[in-house]
Amino acid sequence: MEEFGGPEVLRARQVETPTPGPGQVLVDVAYASVTFVETQVRSGNGPFGRPALPRVPGNGVGGRVVAVGPDVDPALIGTVVVTTTGGAGGYAERALARADEVVPLPPGLALKDAVALLADGRTALLLFRQAEVKPGEKVLVEAAAGGVGSLLVQLAVHAGARVVGAARGDRKADLVASLGAFYVDYSKDEWLRLVRDAAGGELDVVFDGVGGAIGTAAVGALGPGGRVSLYGMASGADATLDEDDLAARRIRTLGLFAAPGPAETHQLIAEALRLAADGTLRPIVGQVFPLAAAAEAHAAIEARATVGKTLLAVGAPDSDR
C-alpha cells in the first residue's frame, strides 16, 4: 500500500526479495493471516495511527524457512513454521521474521490451520485465561462466528460453561451450534432477552468483540461479580461503560490493555497449536483468497461477509490448500 484508503489501495507489486539480517530468518510464505486490525491500519482511520508508507501489510505467516541471518542456526532452514513478522511484511511471497519468534508446525496440524491460530489463537487463550471461566458459568461470546470468537466459544464449552454465541445473520447459526453453543442473532430487537433465555439467567462472563450498542447492552446483562472481556470493536466504537455501575455490581473489566511480551506471545502461540493438534481447538478457516486478491479479503471483512478466519494463499502446497 502506497496510500491510506479503501481496500483498493492494496495492489500487487514486484519488489526485491529481502535478505535476513542478524537474528532473522526468511520464510517462503504459504499462507498469510488477514486480521480486522489490518483493515483499520489500511484505512488510516483506526486507533493505531498511520505508519510510514509504502508498506506491505501482514503480521502473520506460515511457510518454510529458506534462509537465515549470519548468527542464526542454519539447522532452521527447511523447517515449516508459523511466525509473526514484526507488524508488517506478511502479504508477500517471502517474509522476514525474528528467529526467536518462529514456532515449528506440530505433527498432525495442517499449516493452514496453524496460520489461522497464529493471531486469533494467542488472543483467545490470553482472554480466556484472564476471564477464569468456571464449569457451569453462563458465558456470552459476541462475534461468535469470527476467528477469535469461535475459539472463545470452544474454550468456554471445553471448560464446562453454558455458552451463548451471538453473531449477525442466520447463516452463522449452524457454525456456532456445531461448536457447542446456543446461537442468538443480535440483529434482532429482542436478542438480549434471547441470550438470557438461552443462558438461563444473568451472565457471568461477556466476551465483547463488537463494542458499541451491542457490547453496552451485553454488559448490562451481567450479574453481580461478573466479568467483561473487551477485545474488539467490530461495530466501530467501544462499548459504553458506566464505572459507577460496574463498581456497584462488582463487575471486573478485562481485556487487551497491554500486549504480552515476546516470551508470553511465543508460549501462547505454541499452546494454541498444541490444542489444535490434539483436537481441543478447531480453527475455522472460512475463506481463502489468493495473494493478489488481498483487497477483496479486506472488503469481505469490512462488509462482515466472512465466517471464521480469513487467509491469503501465497505459495501453499497442493496438499495443504
(message) Between Phe182 and Asp197, does the side-chain contact (heavy atoms from CB on, under 4.5 Å) criterion hold? Intermediate values first, please.
(response) CA-CA 10 Å; Phe182 299 94; Asp197 289 348; over 6 Å; no
For a quick test of reading the model, state the closest non-hydrogen atom pair linking [X] to [Y] and the distance between them.
X	Y	value
Ala167	Ala144	CB-N, 4.2 Å
Ser229	Leu127	OG-CD2, 3.3 Å
Glu38	Asn59	OE2-N, 3.3 Å
Ala114	Val82	CB-CG1, 3.7 Å
Ala198	Arg162	O-NE, 2.8 Å
Lys172	Ala145	CD-CB, 3.7 Å

Distance check, rounded to the nearest 0.5 Å: [X] atom [atom1] versus [Y] atom [atom2]?
X	Y	atom1	atom2	answer
Arg168	Lys188	CZ	NZ	11.5 Å
Thr85	Gln24	OG1	CD	11.0 Å
Leu125	Gln267	CG	CD	8.0 Å
Leu192	Ile214	CG	CD1	9.0 Å
Arg249	Glu202	CZ	CD	8.0 Å
Tyr31	Leu291	OH	CG	13.0 Å

Does any part of the side chain of [Y], heavy atoms only, come nearer than 4.5 Å to the side chain of [X], both counted from C-beta?
X	Y	value
Val285	Leu311	yes
Leu222	Val228	yes
Pro57	Met1	yes
Val176	Val141	no
Gln287	Thr310	yes
Val115	Val61	no
Asp73	Val68	no
Val102	Val25	yes

Given 3.5 Å as the limit, does a donor-acceptor pair link the side chain of [X] with the main chain of [Y], or not?
X	Y	value
Glu296	Ala293	no
Thr265	Gly261	yes
Asp185	Gly169	yes
Ser178	Leu175	yes
Glu142	Gly165	no
Arg55	Pro51	no

(request) Apply the side-chain contact (heavy atoms from CB on, under 4.5 Å) test between Val163 and each candidate in Val157, Leu140, Val133; give the one that qualifies. (result) Val157
Hphob cluster co-occupancy, [X] + [Y], side-chain heavy atoms under 4.5 angstrom:
X	Y	value
Val103	Leu96	no
Val206	Leu254	no
Val288	Leu105	yes
Leu26	Leu118	no
Leu155	Tyr183	no

(request) Flag yes if more than 12 heavy atoms outside His266 fall under 6.0 Å of its NE2 atom; otherwise flag no. (result) yes
(request) Report, as yes or no, whether the 6.0 Å neighbourhood of atom CG on Asp71 holds more than 12 heavy atoms from other residues, nucleotides or ligands. (result) yes
(message) Do the side chains of Asp120 and Lys309 get close enough for a salt bridge, i.e. N-O under 4.0 angstrom?
(response) yes
(message) Check this for me, if you would: do Asp28 and Arg94 make a salt bridge, where the nitrogen-to-carboxylate-oxygen distance has to be below 4.0 angstrom?
(response) yes
(message) Within the 3.5 Å criterion, strictly below it, is a donor on Thr253 or Arg227 matched to an acceptor on the partner's side chain?
(response) no
(message) Can a side-chain donor-acceptor contact be found between Glu101 and Thr84 if the only test is distance below 3.5 angstrom?
(response) yes
(message) Would Arg42 pass as a cation-pi partner of Phe4, given that its NZ or CZ must be under 6.0 Å from the six-membered ring centre and within 45 degrees of the axis?
(response) no
(request) Give me the ring orientation class for Phe207 and Phe128: parallel if the planes are under 30° apart, tilted from 30 to 60°, perpendicular past 60°. (result) parallel
(request) Assess whether side-chain contact (heavy atoms from CB on, under 4.5 Å) is satisfied between Leu246 and Val219, documenting all intermediate values. (result) CA-CA 9 Å; Leu246 295 181; Val219 172; 3.8 Å; yes
(request) Go through Val210 and Tyr186 one step at a time and tell me if the side-chain contact (heavy atoms from CB on, under 4.5 Å) criterion holds. (result) CA-CA 11 Å; Val210 177; Tyr186 49 46; 3.4 Å; yes
(message) Assess the residue pair Glu190 and Arg196 against the criterion (salt bridge (Lys or Arg N to Asp or Glu O under 4.0 Å)); give the C-alpha distance rounded to whole Å, side-chain angles, the decisive distance to 0.1 Å, and a yes or no.
(response) CA-CA 10 Å; Glu190 73 277 19; Arg196 291 191 181 97; over 6 Å; no
(message) Could you go through Leu203 and Val139, starting from their C-alpha distance and side-chain angles, then the distance that decides it, and tell me whether this counts as side-chain contact (heavy atoms from CB on, under 4.5 Å)?
(response) CA-CA 6 Å; Leu203 300 170; Val139 176; over 6 Å; no
